[in-house]
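In what follows, every heavy atom counts, from backbone to side chain, and hydrogens, waters and symmetry copies are set aside.
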Amino acid sequence: MDLALLRTFVTVHRAGSFTRAAALLGLSQPAVTSQIRTLERQLGRPLFLRRARGVTPTSVGDELAHRAAPHLDALVEIAEGGLEVEAPLRTLHLAGPPEFMAERVLPALVGMTGAKGPAVRLRTSFGSTDDVLEGLAAGHHDLAVATRRPRGTLLSAGTLCDEEHLLVAGARWAGRFAPGAVRRGGAESLAMVPVVDVHESLPFARRYWTTVFDAPPPEHAALVAPDLRAVLSCVVSGAGLAVLPRYLCEEALLRGELVTLLEPPVPPLRTYFVAVRAGTQALPHIATAHEWLLRAAVAWG
């Protein structure tokens, strides 16, 4: 059986689509379709059911993928790593939310570039979870940090860390509240304080209001800045209140530039996941980055 046909088959099985598999393999869609038909003729059994959107593996297809994929992944690892004493220079393409990448991920991985010259080149893209997962699936990135676990079999993901969200304000605004006022008054006590968030939909404030106050969020933001670091700067400068991750605003809290308005018994958390395309995690540069991030996340906790 031709290994090239098996590689195409496993890619289609993971991608759930001839079109997406073709993009990952650098082939045309007709070429992928032709290879799958050839393999089906050789086996005498259908491997996929064609749907309006993508394909679904048959039971024979699932069984073949289960048996073939680990061996193909091992061959890819050998081919990528080679037998050289010194591994070739590789480029690792990362993607994730800008603030978390800048403050957490990239500092954790800079050692991979080597003290006396690069061992791995790092290239970074920023974007929303939907964007980075789509780019990872399309082969534009090697590893992605996301705030939800991807669906399907093309991408695999593990939990990286949890991010605690705090309700904070600059010292000028916080000084208007008596101790315990927000705890006693709830969301109504904050009605006159301007809100700063990253989007008109107030995603951070909305989640906090819903989970902590069990109340609808503010109707609008006084200031919108599409980067949490800009939100932090604006709140420190007196723009109002915001919901920010602890890691981002901890130093400002220690300096007294920010004040926590409420400390609920169970603060809202956002979970980060680290995702790769199935079959690529064994590649040395991706495996190393994955391991370094998991090790760093222990300290972040």
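- Side-chain contact between S125 and H141 is present, with heavy atoms from C-beta onward closer than 4.5 Å.
- Of the possible donor and acceptor atoms, none in the side chain of S17 sits under 3.5 Å from a partner among the backbone N and O of G54.
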T38 and R41: side chain to side chain donor-acceptor pair (under 3.5 Å), yes or no, with the steps? CA-CA 5 Å; T38 299; R41 283 197 300 270; 3.3 Å; yes

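- Panel note: side chain T288, backbone H285; no donor-acceptor pair is recorded below 3.5 Å.
- Scanning both residues, A157 and R149, for their nearest heavy atoms gives O-NH1, 2.9 Å.
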Can L6 and L72 be said to form a side-chain contact (heavy atoms from CB on, under 4.5 Å), step by step? CA-CA 8 Å; L6 278 177; L72 286 170; 3.9 Å; yes

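- Counting only residues at least two apart or in different chains, ring-ring contact (aromatic ring centres under 6.0 Å, His included) contacts with residues 36-65 comprise F9-F48.
- In terms of heavy atoms, W300 sits closest to A108 at CZ2-CB, 4.1 Å.
- Put simply, the side chain of R104 does not reach to within 4.5 Å of the side chain of V145, judged on heavy atoms.
- Between V168 and L241 the shortest side-chain heavy-atom distance does not fall below 4.5 Å.
- For the pair L92/L122, a side-chain contact is recorded, criterion being any heavy-atom separation below 4.5 Å from C-beta on.
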Side-chain polar contacts of residues 58-66 - donor-acceptor pairs under 3.5 angstrom, sequence neighbours left out - could you list them?
from : atom 1 : to  : atom 2 : distance (Å)
T58  : OG1    : P46 : O      : 2.8
T58  : OG1    : L47 : O      : 3.3
T58  : OG1    : V60 : N      : 3.4
T58  : OG1    : G61 : N      : 3.1
D62  : OD1    : H13 : NE2    : 2.8

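- Annotation: side-chain hydrogen bond (donor to acceptor under 3.5 Å, both in side chains) contacts involving residues 172-189, sequence neighbours excluded, are absent.
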Apply side-chain contact (heavy atoms from CB on, under 4.5 Å) to V276 and L283, showing your working. CA-CA 11 Å; V276 297; L283 298 178; over 6 Å; no

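- Within the 4.5 Å cutoff, the side chain of L294 has heavy atoms near those of the L160 side chain.
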Distance-only donor-acceptor hits, side chain of residues 253-268, under 3.5 Å, sequence neighbours excluded:
from : atom 1 : to   : atom 2 : distance (Å)
R255 : NE     : E257 : OE1    : 3.2
R255 : NE     : E257 : OE2    : 3.2
R255 : NH2    : E257 : OE1    : 3.0

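- For the pair V105 and T124, the minimum side-chain heavy-atom distance is 4.5 Å or more.
- By the side chain to side chain donor-acceptor pair (under 3.5 Å) test, T8 is found to be paired with Q35, residues two or more places apart in sequence or in another chain being considered.
- In this structure, the side chain of E99 engages the main chain of L228 through a donor-acceptor pair within 3.5 Å.
- Side chain of D197 to main chain of A221: no donor-acceptor pair is present (N/O by atom type, distance under 3.5 Å, no hydrogens or angles).
- Pairs engaging residues 208-227 under the side-chain hydrogen bond (donor to acceptor under 3.5 Å, both in side chains) rule: D227-R229 [sequence neighbours left out].
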Extract all donor-acceptor atom pairs below 3.5 Å that involve side chains of residues 129-139 and protein atoms in other chains or at least two apart in sequence.
from : atom 1 : to   : atom 2 : distance (Å)
T129 : OG1    : T147 : N      : 2.9
T129 : OG1    : T147 : OG1    : 2.8
D130 : OD1    : R148 : NE     : 3.4
D130 : OD1    : R148 : NH2    : 2.7
D131 : OD2    : S128 : OG     : 3.2

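- Between A21 and A15, the closest heavy-atom pair is N-CB, 4.0 Å.
- The ring-ring contact (aromatic ring centres under 6.0 Å, His included) contacts involving residues 176-206 comprise H165-F204, where partners must be two or more places apart or lie in separate chains.
- Open room surrounds CZ on R151; 12 or fewer heavy atoms of other groups in view lie less than 6.0 Å from it.
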Which atom pairs, one a donor and one an acceptor, fall under 3.5 Å between side chains of residues 22-31 and the rest of the protein, sequence neighbours left out?
from : atom 1 : to  : atom 2 : distance (Å)
S28  : OG     : A31 : N      : 3.2
Q29  : OE1    : T19 : OG1    : 2.8

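- Of the possible donor and acceptor atoms, one in the side chain of R14 sits under 3.5 Å from a partner among the backbone N and O of A278.
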Pair L167-L190, side-chain contact (heavy atoms from CB on, under 4.5 Å): steps then yes or no: CA-CA 11 Å; L167 179 64; L190 303 171; 3.7 Å; yes

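- Among residue pairs with one or both ends in residues 42-57, those qualifying as salt bridge (charged side-chain N to carboxylate O under 4.0 Å, His left out) are E40-R50; sequence neighbours excluded.
- Contacts of R246 classified as side chain to side chain donor-acceptor pair (under 3.5 Å), with partners at least two apart in sequence or in another chain: E164.
- The ring-ring contact (aromatic ring centres under 6.0 Å, His included) pairs that include a residue from residues 240-259 are F100-Y247, where partners are two or more places apart or lie in different chains.
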Applying side-chain contact (heavy atoms from CB on, under 4.5 Å) to L244 and V231, what does each step give before you reach the verdict? CA-CA 8 Å; L244 291 170; V231 171; 3.8 Å; yes

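- The side-chain heavy atoms of L155 and R277, taken from C-beta on, include a pair separated by under 4.5 Å.
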